[in-house]
Amino acid sequence: MEKAGIPTVCVITEAFLTVAQGQQKALDYPELPFVMLEHPIAVATDAEVEHKVALIYAELVEKLPGSVAAGRGA
């Protein structure tokens with residue numbers, strides 16, 4: 001999506017860091033941004049997922065290409 005001009009940040013859990021890094025390399029896209037949620041989420045309640053997202057929200061917005069935060073280099 002990013003290469004099609006749609007600002008993108010991949011959201012993964014900590015357990016998939018190695019896979020995400022492998023995809024960056026396989027796609028020849030080392031700058032592909034991602035943020036990590038606390039693992040696990042598959043068995044988490046909605047409230048737990050919301051809490052985990054709240055913890056990474058600022059980082060996600062900062063890494064989103066074209067965001068005000070990204071434009072500031074924050």
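All figures in this text were calculated on a predicted structure; none of them were measured in a lab. Quick note: numbers below take in every heavy atom, side chains included, and nothing from hydrogens, waters or symmetry partners. Numbers for residues simply follow the sequence, beginning at 1.
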Per-pair distances, 0.1 Å, donor-acceptor, side chain in residues 33-51, under 3.5 Å, sequence neighbours excluded:
{"unit_1": "H39", "atom_1": "ND1", "unit_2": "T13", "atom_2": "OG1", "d": "2.8"}
{"unit_1": "T45", "atom_1": "OG1", "unit_2": "E48", "atom_2": "N", "d": "3.1"}
{"unit_1": "T45", "atom_1": "OG1", "unit_2": "E48", "atom_2": "OE1", "d": "3.4"}
{"unit_1": "E48", "atom_1": "OE1", "unit_2": "T45", "atom_2": "N", "d": "2.7"}

Side-chain polar contacts of residues 17-29 - donor-acceptor pairs under 3.5 angstrom, sequence neighbours left out - could you list them?
{"unit_1": "Q24", "atom_1": "NE2", "unit_2": "P30", "atom_2": "O", "d": "3.2"}
{"unit_1": "Q24", "atom_1": "NE2", "unit_2": "L32", "atom_2": "O", "d": "2.8"}

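In the hydrophobic clustering of this structure, V11 groups with L64; members are Ile, Leu, Val, Met, Phe, Trp, Tyr whose side-chain heavy atoms approach within less than 4.5 Å, directly or through other members.
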